[in-house]
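Scroll down for the structure; my scribbles are underneath it.
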Amino acid sequence: MAGAPDHLFNLRNNFYLGAYQAAINTSDLPNLSPDDAVERDSLVYRSYIALSSYQLVIHEIDDAAATPLQAVKLLALYLSSPENKESTISSLKEWLADSAIANNAILRLIAGIIFMHEEDYNEALKHTNAGGTMELHALNVQIFLKMHRSDYAEKQLRIMQQIDEDHTLTQLATAWLNLAVGGSKIQEAYLIFQDFSEKYPMTGLILNGKAVCCMHMGNFDEAETLLLEALNKDAKDPETLANLVVCSLHIGKSSSRYLSQLKLSHPDHVLVKRASSAEDNFERAVQSVA
């Protein structure tokens, strides 16, 4: 219905910008339609997942819940422990093969997120590439950037801009693409994150966005200040810790504590894997010389 109020606007915005607790706290909305109620619940449960409260999501979503919520539960199962990954992916593939639910936008989104985690980008795109929601288009931008195909990412962004240029996800996707392209585009990305920080409560996502732009522009001291502020908000956030490792190296400070924290809390993080492989290569080199 054109012109109808969007009851979920603030909830969605909080979720997109990483204000997960705020999303949960403002989710008690009256008089929602059944579809809006399911979308509300899926955003709330995804916020709990972002806060690593996997077991709460797994226990609260039962087998009678709607397909989008079942999909969110799969994401919680997938992220909760490495032992669950294979069985979760096999359940996901069964659901995607069921024509009655395979087109559900949230199921396709969760499939894209899980396969992106698996670094199986072609499989992810099978389910997300058709788009249909702003979140699916934004996920496509992320997937194409991970594949180093900024040309395809830009095509997805154009679609988002045609739908709603001012949408929070369109602005975020623009910043992601600008960061990937680099050069003079970094300043434009910085201004997007700056605009978010003036309009909305400061979150780890916004602080990290600004900090990464600062690092690209060589402003490592400002980046460190932003990242330490983000660390105060969430001491275990993997992106904050990873960015602090990189920033510390550039300003000549020890990064070992941040790397140790990252290894403990997120052993699968790409920076941890690279550091481990560099250590292995160094050990091999030392042994070959010894």
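Sequential numbering from 1 along the given sequence is applied to the chain's residues. Keep in mind it's a predicted model, so treat the numbers as computed, not measured.
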Counting heavy atoms not belonging to [X], are there more than 12 under 6.0 Å from its [atom1]?
X: Asp62; atom1: CG; result: yes
X: Lys185; atom1: NZ; result: no
X: Asn31; atom1: CG; result: no

### Query
Which side chain to side chain donor-acceptor pair (under 3.5 Å) pairs, counting each pair once, include a residue from residues 86-99, with sequence neighbours left out?
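Found none.
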### Query
With sequence neighbours left out, which residue pairs that include part of residues 48-57 fulfil the side chain to side chain donor-acceptor pair (under 3.5 Å) condition?
none
Report the residues that fulfil side chain to side chain donor-acceptor pair (under 3.5 Å) with [X], sequence neighbours left out, ordered by chain and then residue number.
X: Lys199; value: Asp195
X: Thr168; value: Asn13
X: Gln142; value: none
X: Lys155; value: none

### Message
Show the nearest heavy-atom pair for residues Ala23 and Leu11, with the distance to one decimal.
### Response
O-CD1, 3.0 Å
### Message
Could you report the tightest heavy-atom contact between Val245 and Ser255, atom names first, then the distance?
### Response
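Looking at all heavy atoms of both residues, the shortest contact is O-CB, 3.6 Å.
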### Task
Tell me, with the steps shown, if Leu51 and Ile24 meet side-chain contact (heavy atoms from CB on, under 4.5 Å).
CA-CA 11 Å; Leu51 295 171; Ile24 293 163; 3.8 Å; yes
Are [X] and [Y] connected, step by step, through hydrophobic side chains (Ile, Leu, Val, Met, Phe, Trp, Tyr) whose heavy atoms are closer than 4.5 Å?
X: Leu264; Y: Leu271; value: no
X: Leu249; Y: Val270; value: no
X: Leu29; Y: Val44; value: yes

### Query
Which pairs with one or both residues in residues 128-151 pass ring-ring contact (aromatic ring centres under 6.0 Å, His included), sequence neighbours excluded?
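Output for this query lists Phe144-Tyr152.
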### Message
Does Thr128 form a side-chain hydrogen bond (donor to acceptor under 3.5 Å, both in side chains) with Asn140? I'd like the steps, not just the answer.
### Response
CA-CA 7 Å; Thr128 61; Asn140 284 334; 2.6 Å; yes
So, [X] side chain and [Y] main chain: donor-acceptor pair closer than 3.5 Å or not?
X: Arg274; Y: His269; result: no
X: Ser33; Y: Asp36; result: yes
X: Thr203; Y: Leu17; result: yes
X: Thr170; Y: Asp164; result: yes
X: Arg108; Y: Ala102; result: no
X: Lys233; Y: Gly204; result: no
X: Gln171; Y: Asp166; result: no

Please identify each residue that fulfils side-chain contact (heavy atoms from CB on, under 4.5 Å) with [X], with sequence neighbours left out.
X: Ser81; answer: Glu83, Asn84
X: Ala124; answer: Phe115, Ile143
X: Arg257; answer: Gln261

### Message
Assess, by modelled atom type and distance only, whether the side chains of Asn25 and Gln21 contain a donor and an acceptor separated by less than 3.5 Å.
### Response
yes
### Distance-only side-chain donor-acceptor flag, Asp234 / Thr240, under 3.5 Å
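On atom types as modelled, these side chains do not qualify, holding no pair under 3.5 Å.
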### Query
Can you find a pair of side-chain heavy atoms, one from Asn178 and one from Ile186, that are under 4.5 Å apart?
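Contact flag for Asn178/Ile186 side chains = no.
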### Query
What is the ring orientation for Phe220 with His250, classed by angle as parallel under 30°, tilted 30 to 60°, or perpendicular over 60°?
parallel
### Sequence neighbours excluded - salt bridge (Lys or Arg N to Asp or Glu O under 4.0 Å) pairs with any residue from residues 202-225
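Every pair satisfying salt bridge (Lys or Arg N to Asp or Glu O under 4.0 Å) with a residue in residues 202-225: Glu224-Lys253.
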#### Entry: Selection residues 49-59 - residue pairs positive for salt bridge (Lys or Arg N to Asp or Glu O under 4.0 Å), sequence neighbours left out
none
#### Entry: Distance (rounded to the nearest 0.5 Å) between Phe15 CZ and Asn10 CG
15.5 Å
### Query
Between Arg149 and Glu154, is a salt bridge (Lys or Arg N to Asp or Glu O under 4.0 Å) present by the stated rule, with each step listed?
CA-CA 9 Å; Arg149 292 305 303 260; Glu154 190 171 355; over 6 Å; no
### Query
Between Glu39 and Arg12, does at least one N-O distance fall below 4.0 Å, as a salt bridge requires?
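Arg12 and Glu39: salt-bridged.
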### Task
Could you walk me through whether Leu107 and Leu92 pass the side-chain contact (heavy atoms from CB on, under 4.5 Å) test, one step at a time?
CA-CA 9 Å; Leu107 177 59; Leu92 178 62; 3.9 Å; yes
### Task
Could you walk me through whether Leu109 and Thr133 pass the side-chain contact (heavy atoms from CB on, under 4.5 Å) test, one step at a time?
CA-CA 9 Å; Leu109 181 78; Thr133 68; 5.5 Å; no
